[in-house]
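Just so we're on the same page: letters track the sequence lines, and every chain starts at 1. Here the structure is a predicted model, which is why all the values come from computation and not from measurement.
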There are 2 protein chains.
Amino acid sequence: MATIGDVARVAGVSRSTASYALSGKRTISVDVRRRVEDAVRELGYTPNAGARALATSQTRVIGLLAQFLEDEFAPAMLQYMLGVSNTARELGYDILLSTEADGRNALRRMTDSRMVDGIVLLNVAEHDDRLPILRDAPQPGALVGLPADCTGVDVFDLDFEDAGRTMVEHLHRLGHRELVLVSQPEHVVERGGAYVWRLQNAAVEAARARGITLHAAFGAAHQPDVGRDLHALLDAHPRATGLLINNEAAAAALPTVLHDRKLSAPADLSVVGRYSDEFARTFSLPYSSIESAPDRLGRMAVRELVRRIEGQAGPDEPHLVRFVSPELIDRGSTAAPRGD
Amino acid sequence: MATIGDVARVAGVSRSTASYALSGKRTISVDVRRRVEDAVRELGYTPNAGARALATSQTRVIGLLAQFLEDEFAPAMLQYMLGVSNTARELGYDILLSTEADGRNALRRMTDSRMVDGIVLLNVAEHDDRLPILRDAPQPGALVGLPADCTGVDVFDLDFEDAGRTMVEHLHRLGHRELVLVSQPEHVVERGGAYVWRLQNAAVEAARARGITLHAAFGAAHQPDVGRDLHALLDAHPRATGLLINNEAAAAALPTVLHDRKLSAPADLSVVGRYSDEFARTFSLPYSSIESAPDRLGRMAVRELVRRIEGQAGPDEPHLVRFVSPELIDRGSTAAPRGD
DNA sequence: TATGACTGTCGAACCGGTTCGAAACGTGTC
DNA sequence: GACACGTTTCGAACCGGTTCGACAGTCATA
């Protein structure tokens, strides 16, 4: 494999000159620059990443921590990963991926050994145990998900409170007076998935303010449990005319459940979910939904992270906490309730 | 950040001694070893990955190339990725992930700059344009998916021919005489997704050998197109009693389609798919299926790759081409056809 | 014709590890 | 007491880049 020494020899210059010719950090005569570039082509030279990282303390790699936990719906996570990965590449960075359940280990390994210039954390819990480690690390970090304490990191998340309100308002406006909300499994909440509460509390509050009934419940993350949960909920609240879904597995299971009950949306039941458009297409979901914008969130996180890595953000520039406003995508699954 | 020089100073030894004490590659007195280990703990020392890579020419990183192409079903790919990632971690390797559509670029970048010790290629096409690059690279490569030319790499794939035969045999044995097979989009085939043909040809041949009818067709990769495709197929072949599905999007869309047609499996139609058990759970699919074993294939690929990286495979040990035998998971969606 | 400024190039040092050869030391043998 | 030997440690070189300071050459200016 060719080194910069080989390039220099072929071009008839010193190693430092070759380096400067390639980086452009000092003025080099056009003649020499041309000879160096020819040598690079001739030898097929590519700089050794390890050596460059050692010399510059920059790797041009971003660490991506995605935990695939029990009771979590894997395909939803994929969309965030792709948003992060694709944006990173556009900005000239590669992705070091960890799917370890124990994210602390992975985080320490990546940061301590200087394998990465920065870190993106997905699926952040309210008291995420990876955060103290990330704050102590020399690399900057960006989160997708809102923790209790945002100091020292940039934070991006959907505005789940607004999402909860929007769902309720939308159905209230159509005339619905009794709703059911299916959230993520209780387990996810216990693990600190605060976004579940944020949406739910706002929905409950919005319903109370409008004097309508909202039954909130958890749903499992897999079949067949989540199907049973949905049946049980619909059995328990036969007068409910609207269904809110903040649970990807439940959304994916709903077509079959409605089929079994011989119900259609919106004729028999109005349905609003919270998932991305890409998710809806993939899972063949015909229900209107609050766009969860995983690609956009991933993109924002990486953009800001790279700004910090490259020092375009001032060293004392305060960290961001930014919420994406929910947008309701109408797929025609809501209507006025049947007047019976 | 502490370096091995700091460790050596605190322990009162030379850098080389500290290095040997940690690697164990030369005998070191227990006293010195203890002092070095204490210093490591005291300083929180972790070796710098770039420096180590430069010195040893080993990165302990595996490159993972996953292309998310148009007309491909993303969640199916995720399972292969997780199989690879988790196995790599178990063996002490990290994953450098590329999701670029142009895999050649990513591959060249990773291999030329020595960022990785080895490469895993997912979703390999018959004449995959990444293969020539991989063969020229100094790092070993493992594929999931069968190309026309397997020289120089280890190859792992499901036995799609056996899968096609098994599906047909299973329904023939139950008494079905007219079947429909829905394959991946034609576009996937044109791009070189030979596994589609392998399954389809074997199915056609198996049907011919048994004197039964098989209508083979392509299906789209997304809603609502794939739903339309399924409807059209069932309309076109009203006497078919069995449905074979080699298309994840079609499988995911089938519950809704059957609902719309007021059909149930297996009462009105026997259904056999080709997807993993994890996929079935995630997508709430109640149909029997040929297990596509993505985790197992990913695991096998990484295992063999690491064996080569670490030189446990002899330098001239021939490369593997290994097929996983299909296993039919019975979820009760097949039965004898209705005798009407 | 010396002076200073500017351009283009080079040599050496450095980043933080690993590894080879040799040195220092204690031990046992003749 | 000279010698060989095994154990433990050290110094130096090396991996392949980047970067700083110095220096030679050119040109305009005083």
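- Formation of a donor-acceptor pair under 3.5 Å by the S85(B) side chain with backbone atoms of M81(B) is not found in this model.
- Proximity of V120(A) to L305(A): side-chain heavy atoms (C-beta onward) are separated by under 4.5 Å at one or more points.
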Task: R35(B)/D38(B) under salt bridge (Lys or Arg N to Asp or Glu O under 4.0 Å): CA gap, chis, key distance, verdict - done: CA-CA 5 Å; R35(B) 266 155 46 211; D38(B) 289 348; over 6 Å; no

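- Tested against V302(B), the residues I95(B), N86(B), T87(B), L297(B) include a single side-chain contact (heavy atoms from CB on, under 4.5 Å) partner, T87(B).
- Along DNA chain D, read 5' to 3', the first and last nucleotides having any atom under 4.0 Å from a heavy atom of chain B are dT8(D) to dG16(D).
- Counting heavy atoms from C-beta on, the side chains of Q139(A) and M110(A) never come closer than 4.5 Å.
- At distances below 3.5 Å, at least one donor-acceptor pair connects side-chain atoms of S98(B) with backbone N or O atoms of E100(B).
- Between the side chain of D94(B) and the backbone N or O of V61(B) there is no donor-acceptor pair closer than 3.5 Å.
- Contacts with DNA chain D (heavy atom under 4.0 Å) in residues 13-40 of chain A: R15(A), S16(A), S19(A), Y20(A), K25(A), R26(A), listed by number.
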